[in-house]
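Structure below; questions to follow.
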Amino acid sequence: VQLQASGGGLVQAGGSLRLSCAAAGGITSVNNMGWYRQAPGKQRVLVATVTKDQRTNYADSVKGRFTISRDNAKNTIYLQMVSLKPEDTAIYYCFAVTLTIYWGLGTEVTVSS
């Protein structure tokens, strides 16, 4: 089972990026999926989650700017990020919960001021 994240990059403050994370390799019965991020020198923190029935939850720091969505048929989630700030700079890790938790390798987002 693999989680393949993509979409990171370098963007100026105020810009947008869209991250994707696809679960492959026979993963089934995926419950929650979502994103954490880890900024340099800081702990990994939760960014957003989405349940199988599309209920979403966001960290206060990204509410109104980030939107998580999910395609259950593809076991893929997306994170649309707008109005990006330098403090959004981090490595973003996706995860998927079945009977265990699977993690992607991370995709780097850098927001310049």
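Values below: every heavy atom of this structure, side chains too, minus hydrogens, waters and symmetry copies. Throughout, residue positions are numbered sequentially from 1 according to the sequence presented.
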side-chain hydrogen bond (donor to acceptor under 3.5 Å, both in side chains) partners for Thr51, two or more places apart: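 Expected list: Asp53.
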Any residue meeting side-chain contact (heavy atoms from CB on, under 4.5 Å) with Ser113, in chain and number order, not counting sequence neighbours: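 Ser113 satisfies side-chain contact (heavy atoms from CB on, under 4.5 Å) with Pro86 once adjacent residues are dropped.
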Heavy-atom closest pair, residues Lys74 and Thr76: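 Looking at all heavy atoms of both residues, the shortest contact is O-OG1, 2.9 Å.
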Side-chain heavy atoms of Thr49 within contact of Thr56, under 4.5 Å: no
Non-hydrogen side-chain atoms of Gln80 and Val82 separated by less than 4.5 Å: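 Yes; the side chains approach each other to less than 4.5 Å.
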Same apolar cluster (I L V M F W Y, side chains within < 4.5 Å links), Leu84/Tyr78: no
Partners meeting side-chain contact (heavy atoms from CB on, under 4.5 Å) with Ile101 (sequence neighbours left out): Phe95, Val97, Trp103
Note, Val109 side chain near Leu19 side chain (heavy atom, < 4.5 Å): yes
Qualifying side chain to side chain donor-acceptor pair (under 3.5 Å) pairs with a residue from residues 4-16, counting only residues at least two apart or across chains: Gln2-Gln4
Contacts of Glu108 that satisfy side-chain contact (heavy atoms from CB on, under 4.5 Å) - sequence neighbours left out: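 Scan of Glu108 (side-chain contact (heavy atoms from CB on, under 4.5 Å), adjacent residues dropped) gives Ile91, Thr110.
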Residue pairs involving residues 74-113 (criterion disulfide (SG to SG under 2.5 Å); sequence neighbours excluded):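 Of all non-adjacent pairs touching residues 74-113, those that pass disulfide (SG to SG under 2.5 Å) are Cys21-Cys94.
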Donor-acceptor pair, side chain of Thr89 and main chain of Val111, under 3.5 angstrom: yes
Contact list for residues 34-89, test disulfide (SG to SG under 2.5 Å), sequence neighbours left out: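 Matches after skipping sequence neighbours: none remain.
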Pair listing, salt bridge (charged side-chain N to carboxylate O under 4.0 Å, His left out) test, anchored in residues 89-102, at least two apart: none
Other residues, nucleotides, ligands: >12 heavy atoms within 6.0 Å of Leu105 CG: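 No.
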With Ala48 via side-chain contact (heavy atoms from CB on, under 4.5 Å) - residues at least two apart: Tyr58, Ile68, Leu79
Asn72: side-chain hydrogen bond (donor to acceptor under 3.5 Å, both in side chains) partners, not counting sequence neighbours: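 Applying side-chain hydrogen bond (donor to acceptor under 3.5 Å, both in side chains) to Asn72 gives Arg70.
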Any donor-acceptor N/O pair, Ser61 side chain to Ala59 backbone, under 3.5 Å: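 Not at all, since once roles are kept as given, no pair shorter than 3.5 Å links the two residues.
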Quick one: side chains of residues 32-45, donor-acceptor pairs under 3.5 Å with protein atoms, not counting sequence neighbours, listed by atom name and distance.
{"from": "Arg37", "atom 1": "NH1", "to": "Asp88", "atom 2": "OD1", "distance (Å)": "2.9"}
{"from": "Arg37", "atom 1": "NH1", "to": "Tyr92", "atom 2": "OH", "distance (Å)": "2.8"}
{"from": "Gln38", "atom 1": "NE2", "to": "Lys42", "atom 2": "O", "distance (Å)": "3.1"}

